[in-house]
Amino acid sequence: EVASRRGAPVAIEVLTAASPGPERGRPGEAVTLVPLFLLPGGHVRSDVPAIARAWRRRGPVQLLPFLGSWPAWQAALAEEVAHLRRGTGPAADPLLLHHPVAGHLAARYLEHLENVTGARCRPTAYTAGPEDAIGMSGHQPLLPLALASSRLTEGRSPSPGPPLLAREGCREAVLDLLEALP
C-alpha cells in the first residue's frame, strides 16, 4: 500500500529471514532505510546500522531514525491509548506491553513514552502470560507495542489485543507517515 501511495518501489527486509542480505535497488541507486521498530533495542542499535553499511557498498543510503522515535508516531500512539481509555473509563490505566529492553537509552525512552501517551509501559517476556510478566490484575486495557503479529501478541492469555497495524488509527498513521517521506 505504501508503494501504491508513493508511486515508488518499497521493499521490506525481515530480520528473521534465513539469510538476510542487502535487498535494495540497482547498484548506485539511492535508497532510504526506514527502521519500522518501536523501541531503541538491539535491532535499532546493531542490526539496522549493519544493514545500512551493507547497502552502502552498493550505493547511497539515507538512514532515518526508528519509527518509534518520530513525534508524529508517538502522537498517534497517544491517540490510540486515549481511545482505549475512553472505551474502559478513566479509572483504567492502559498498559503498553513491550518486549524487554536493556540500557539507559531504553529506560529513558520508555519514560518519555509514558509521559507522551499517558500509559504505563510494562515489559513482558515472550514465555510468560501478561499477568505473570507484569503483575497486573487483568482489568487494565492492554496495548501491545508491536506493529505486526508476534510472540508478544499471539497465543497469550489473556490476549493483549491486536497488533498496532491491525488497529485502524495506528495503521493509517503509519501509512500516512511513510507516504509523506521525501
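Index from 1, following the sequence.
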Show me the donor-acceptor pairs, under 3.5 Å and distance only, between side chains in residues 70-78 and residues at least two apart or in other chains.
from, atom 1, to, atom 2, distance (Å)
W70, NE1, P65, O, 3.0
W70, NE1, F66, O, 3.4
Q74, OE1, H112, NE2, 2.8
Q74, NE2, G68, O, 2.9

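- Judged as a side-chain contact (heavy atoms from CB on, under 4.5 Å), and not counting sequence neighbours, A148 has no contacts.
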Please list, one pair per line, the donor and acceptor atoms closer than 3.5 Å that link side chains of residues 172-182 to other protein atoms, with sequence neighbours excluded.
from, atom 1, to, atom 2, distance (Å)
E172, OE1, R5, NH2, 2.9
D176, OD1, R5, NH1, 2.8
E179, OE1, R5, NH1, 3.3

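- Considering OG1 of T124 and NE2 of H99, their distance stands at 11.5 Å, rounded to 0.5 Å.
- Under the 4.5 Å side-chain criterion, counting only non-hydrogen atoms from C-beta, P94 is in contact with V81.
- Side chains of L143 and H83 form no contact here, defined as non-hydrogen atoms less than 4.5 Å apart.
- For the residue pair S149 and P163, the shortest heavy atom distance occurs at N-CG, 3.6 Å.
- The pair E80-R171 does not meet the salt-bridge criterion, since no charged nitrogen lies less than 4.0 angstrom from a carboxylate oxygen.
- With a 4.5 Å cut-off on side-chain heavy atoms, R167 and P162 count as touching.
- When the side chain to side chain donor-acceptor pair (under 3.5 Å) test is applied to R53, no partner is found at least two apart in sequence or on another chain.
- Using a 4.5 Å cut-off on side-chain heavy atoms (C-beta onward), L164 and L145 make contact.
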Table please: side-chain donor-acceptor pairs of residues 38-49 below 3.5 Å, with sequence neighbours left out.
from, atom 1, to, atom 2, distance (Å)
H43, ND1, D47, OD2, 2.4
R45, NH1, P40, O, 2.6
R45, NH1, G41, O, 3.3

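- L63 places a side-chain heavy atom less than 4.5 Å from the side chain of P35.
- The stretch residues 98-114 participates, sequence neighbours left out, in these salt bridge (charged side-chain N to carboxylate O under 4.0 Å, His left out) pairs: E114-R122.
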